[in-house]
Amino acid sequence: DLLCDVYLNVKSGSSENNTNTINNSMSPQWNKTLFAIKGTQLKAGLTVKVYDDDPGPINQRMCSVTYKVTDADLTNGYASFACSAAGVKMATLFFEFVAK
């Protein structure tokens, strides 16, 4: 597809959620809280999968990354990392961590 219908699946520990699908975009952006978990649980790792939401029962996974959240990420309040496939940068993901 030249333009993708993209959604993310984000998982940390036993918490998992999907974003809504953004249609016909090469630069989708979300501003959504997917789940709330403690920083100590988040440091166990964060897995992000990017999918092209195609018609039919199977959506093509565009890329997948597992990220280890650091103390610096939590102190700074955000983390960013690239998700790529076949050496082509496909997405840069920014996460905000909020103290409650």
Side-chain angles (χ1 to χ4, degrees):
D1 294 342
L2 293 177
L3 295 175
C4 297
D5 302 328
V6 182
Y7 72 93
L8 306 179
N9 170 269
V10 181
K11 181 177 182 179
S12 182
S14 62
S15 299
E16 182 175 10
N17 206 341
N18 293 331
T19 65
N20 57 310
T21 298
I22 295 181
N23 295 315
N24 300 319
S25 177
M26 289 304 290
S27 56
Q29 295 182 19
W30 294 268
N31 184 7
K32 179 180 179 174
T33 299
L34 293 176
F35 48 78
I37 63 173
K38 294 180 181 177
T40 52
Q41 294 171 316
L42 191 58
K43 284 174 54 178
L46 181 68
T47 300
V48 178
K49 297 176 184 173
V50 180
Y51 288 91
D52 185 0
D53 192 2
D54 291 325
I58 299 175
N59 293 323
Q60 177 184 0
R61 185 168 64 199
M62 298 167 67
C63 66
S64 177
V65 64
T66 299
Y67 181 76
K68 291 289 249 182
V69 177
T70 66
D71 288 333
D73 294 332
L74 295 173
T75 299
N76 292 332
Y78 67 91
S80 65
F81 50 91
C83 189
S84 62
V88 177
K89 184 175 178 181
M90 298 187 68
T92 300
L93 309 171
F94 296 89
F95 293 91
E96 290 187 278
F97 309 121
V98 180
K100 290 195 176 198

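In this chain, residues are counted from 1 in sequence order. Not measured: the values here are computed from a predicted model. Worth knowing before you read on, the calculation uses all heavy atoms, side chains too, and leaves out hydrogens, waters and symmetry mates.
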Distance, nearest 0.5 Å, that separates CG of Leu46 from OG1 of Thr66: 8.0 Å
Closest heavy-atom pair and its distance - Met62, Tyr51: SD-C, 3.9 Å
Any donor-acceptor N/O pair, Asp52 side chain to Val6 backbone, under 3.5 Å: no
Sequence-distant partners of Thr21, side-chain hydrogen bond (donor to acceptor under 3.5 Å, both in side chains), two or more places apart: Asp53
Identified side chain to side chain contact (heavy atoms under 4.5 Å, CB included) partner of Asn18 from the options Val10, Asn9, Leu8: Asn9
Considering all heavy atoms, the nearest Lys49-Ser64 contact: CG-OG, 3.6 Å
Joint hydrophobic cluster, Tyr7 plus Val48, side-chain heavy atoms closer than 4.5 Å: no
Shortest non-hydrogen contact between Ser12 and Gly45, atoms and distance: OG-O, 2.9 Å
CG on Asp73 to NZ on Lys68, rounded to 0.5 Å: 12.0 Å
